[in-house]
Amino acid sequence: MRNSFLPFALPDIGANEYAHIQESLESGWITTGPKARQFETLFADSVNAKHAIAVNSCTAAMHLALEAIDLQEGDEVITTPYTFAATAEVVRYFNAKPVLVDIQPHDFNIDPTLIEEAITPKTKAIIPVHIAGLPADLDTITSIAANYNLAIIEDAAHAFPTKYKERMIGAPLMDESIPHAVCFSFYATKTLATGEGGMLCTNQDNIAERCRIMALHGISKDAWKRYSAEGSWYYEIVAPGYKYNMTDIAAGMGLAQLAKAERMRQRRHEIAATYNSAFQQTTALQIPCGAENMVGNCVYCDEDCQHQPHQHAWHLYMLRLNLDELVIDRAQLIEELKTQNIGTSVHFIPLHLHPYYRDLYGYTPQDFPIAYREFQRELSLPIYSKMSDQDVQDVISAVMDLIQQFSKPQPSTKNRAKVIAI
Ligand SMILES: *Cc1c(COP(=O)(O)O)cnc(C)c1O
C-alpha cells in the first residue's frame with residue numbers, strides 16, 4: 001500500500017507560472033491588463049475562435065452568454081441532470097427554468113433523441129455539457145437548434161483541449177446562424193488551472209461585445225485601460241453589468257498552462273490508456289467511453305459508436321462498477337480506497353436529486369432513470385499530468401485488489417451446469 005495520500009486532483013504548476021505571476025506583481029498591473037488580453041488572443045487561436053473573453057469563472061461565462069442571448073423570466077433552457085451546480089443555477093439567475101433531459105448510458109452526455117420532446121414554445125437554448133472532456137453529439141444538437149430557433153451555449157468546463165470530429169471545442173458550429181457561445185473553466189482542478197477563471201468563446205460579434213461590456217460593470221469598451229498611458233478617465237455605463245473580469249495574475253498562470261496544455265493532455269491520455277488496459281481485465285468494472293481511441297474497439301458502445309474521431313480531453317476518468325458482481329457498493333469502495341491512500345470522487349450527483357431542484361420541480365429519482373442508475377455506480381479516479389507512473393500503478397493495484405476481495409463468488413461452470421440441470 002502507498003504510504004502517502006494520492007489526492008484526487010492536483011494542478012501541474014512549473015517555473016513559467018511563477019515567472020508570469022512575478023512579472024505581474026513587479027509590474028504593478030495585478031488585475032485585468034496586458035496578460036489577460038494576451039491570454040484571450042492565444043486561447044482564441046488555440047480553439048479557432050474569433051473572440052475569447054477572459055472571466056473569473058465558467059459560471060460567469062455561462063451567465064454572460066445567457067444574458068447576451070436575452071434569456072427572460074419564464075423561458076426554458078434544456079440541459080442534463082448529469083452536471084455540476086453551475087450549469088443550471090445560471091438559468092435560475094433569470095428566473096427561467098432548466099429543463100432536464102436524461103443522458104446516454106454509454107457516455108453520460110445528453111441523449112439527443114430526447115431533446116425534441118422537451119422543447120416547448122418557451123425554449124430558448126440548449127446547454128450541452130461535454131462531460132469528462134468527451135464531446136456531446138453536437139451535429140444532432142445543432143440541427144435541432146436550427147429547426148427550433150434555439151441558441152447553443154456549450155458547457156465546456158471539462159472540454160479543453162477537446163475536438164468534436166476535426167473541430168476544436170470553442171470553434172464555431174457547422175451552422176453559424178445559431179446564437180452560440182462556448183464556456184470553459186479554469187478552476188483549480190480543471191485541465192487548465194488558474195485557481196479561479198473561465199473563458200467565453202464565440203464567433204459572433206454581437207454576443208462578444210455584449211459579454212465584454214457586461215463582464216465589467218456594463219461600462220463601455222476597454223474600460224480596463226483607463227489607468228494606463230493610452231487610457232482616459234472617461235467612461236459610460238450602458239447597462240447594470242457584473243464584476244466578472246479575470247485578473248492578470250490568473251491570466252499569467254493561464255498563459256503558462258496554455259503553453260503546455262497539449263503535453264498535459266497527452267499525459268492524461270496515456271494514464272487513461274493504462275487504466276483501461278488494467279480495468280478491462282475484470283467484468284466487475286466498465287471502462288469509460290472514449291476507450292476505443294486507444295485500445296481497439298469500444299468494448300460496450302453499439303456498432304454505431306460515433307466517438308472514434310473525437311479528441312477526449314480526459315479531464316475525468318469515469319469508471320463504472322457492475323454492482324451485481326460486487327458485495328460492496330460505490331460508497332464503501334470509496335472508503336476502502338481512502339484507507340489505501342487513494343483519493344477518488346463521484347461525478348455527478350444528478351441535479352434532480354438535490355433538495356433545491358427536487359423541491360422546486362417535484363422530481364423523483366426515476367424521472368431521469370439513466371442518470372440515476374449510472375450515478376450510483378460511477379467512480380472517478382485520479383487522472384492528472386503530475387501523476388507518476390508509480391501513482392498510476394498504485395491506483396490500479398488498489399482498485400484491482402479491492403475488486404477481487406469484494407467480488408461475489410461466481411459459480412464455477414460445473415456448478416452452473418448443475419443448477420441448470422436441476
Ligand atoms: C467546474 C464546472 C463548472 C463551473 O466552473 P467554474 O469555473 O468553477 O465556474 C461548470 N460546469 C461543469 C460541468 C463543471 O465541472
Side-chain angles (χ1 to χ4, degrees), residues 8-11 36 39 43 52-67 77-93 98 100-101 103-104 107-110 125-136 138 152-162 169-170 181-201 211 215 242-247 249-251 253-254 257-258 268 288 312-318 344-354 357 371 374-375 378 380 382-384:
F8 170 67
L10 270 184
F39 184 36
F43 193 89
I53 299 162
V55 290
N56 55 21
S57 71
C58 176
T59 309
M62 292 192 290
H63 184 193
L64 291 170
L66 292 177
E67 201 277 339
V77 176
I78 291 174
T79 190
T80 102
Y82 220 91
T83 185
F84 185 58
T87 321
E89 81 195 23
V90 292
V91 176
R92 294 298 300 141
Y93 290 174
L100 306 181
V101 166
I103 55 167
Q104 309 183 115
D107 70 357
F108 297 96
N109 274 317
I110 192 166
I126 305 173
I127 309 183
V129 181
H130 306 303
I131 195 160
L134 189 66
L138 281 176
I152 294 180
I153 310 298
E154 297 177 54
D155 180 340
H158 301 181
F160 182 76
T162 291
I169 293 295
V182 187
C183 304
F184 295 93
S185 174
F186 308 138
Y187 178 68
T189 61
K190 299 281 159 68
T191 54
L192 188 160
T194 64
E196 301 287 352
M199 193 73 83
L200 185 149
C201 292
C211 291
Y242 308 101
K243 186 68 203 299
Y244 283 163
N245 54 304
M246 176 182 277
T247 69
I249 297 174
M253 204 174 150
Q257 294 264 296
L258 185 60
R268 293 190 303 274
H312 200 319
W314 289 111
H315 165 53
L316 298 174
Y317 186 86
M318 297 172 76
T344 59
S345 190
V346 172
H347 294 88
F348 285 97
I349 303 165
L351 293 177
H352 71 294
L353 303 183
H354 288 283
Y357 292 105
E374 299 308 312
F375 152 67
E378 195 277 342
S380 297
I383 182 164
Y384 46 95

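We count ligands from 1, going down the list as the structure has it; atoms in each ligand are counted the same way. The structure presented is a predicted model; accordingly, all values stated were derived computationally and were not measured.
Each of the following atoms of ligand 1 lies closer than 4.0 Å to a heavy atom of Thr83: 13 (C). Using a 4.0 Å cut-off to heavy atoms of Ala86, the atoms of ligand 1 that qualify are 4 (C), 10 (C). Per-residue contacts place Gly197 under 4.0 angstrom from the following atoms of ligand 1 (heavy atoms of the residue considered): 7 (O).
The shortest N/O to N/O separation between Lys190 and ligand 1 falls below 3.5 Å. Checking only distances, His158 does come within under 3.5 Å of ligand 1, N or O to N or O. Residue contacts with ligand 1: Cys58 is placed with a nitrogen or oxygen under 3.5 Å of a nitrogen or oxygen of the ligand (distance criterion only). Of the N or O atoms in Asp155, one or more lie within a sub-3.5 Å distance of an N or O in ligand 1.
The only member of Cys58, Cys201, Pro161 that meets side chain to side chain contact (heavy atoms under 4.5 Å, CB included) when paired with Phe184 is Cys201.
Not a single heavy atom of Ala85 sits closer than 4.0 Å to an atom of ligand 1.
The minimum heavy-atom distance between Pro135 and Asn109, with the atom names listed, is O-ND2, 3.3 Å. The nearest pair of heavy atoms linking Ala136 to His130 is N-ND1, 2.9 Å.
Heavy-atom neighbours of Tyr384 OH from other residues, nucleotides or ligands within 6.0 Å: above the threshold of 12.
For atom 9 (O) of ligand 1, the closest non-hydrogen atom on the protein side is Thr59 OG1, 2.5 Å. Taking atom 7 (O) of ligand 1 as the reference point, the nearest protein heavy-atom neighbour is Ser185 OG, 2.7 Å.
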Determine whether Phe8 and His347 satisfy the following criterion, ring-ring contact (aromatic ring centres under 6.0 Å, His included), listing intermediate values before the conclusion. CA-CA 12 Å; Phe8 170 67; His347 294 88; 5.8 Å; yes
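Going from atom CZ of Phe186 over to atom CD of Glu196 covers 12.5 Å, rounded to the nearest 0.5 Å. Going from atom CZ of Arg92 over to atom OH of Tyr357 covers 7.0 Å, rounded to the nearest 0.5 Å.
Scored by the side chain to side chain contact (heavy atoms under 4.5 Å, CB included) test, Ala193 finds Pro11, Gln257 as partners (sequence neighbours excluded).
Of the heavy atoms in Ala157, only side-chain atoms (C-beta onward) come closer than 4.0 Å to ligand 1.
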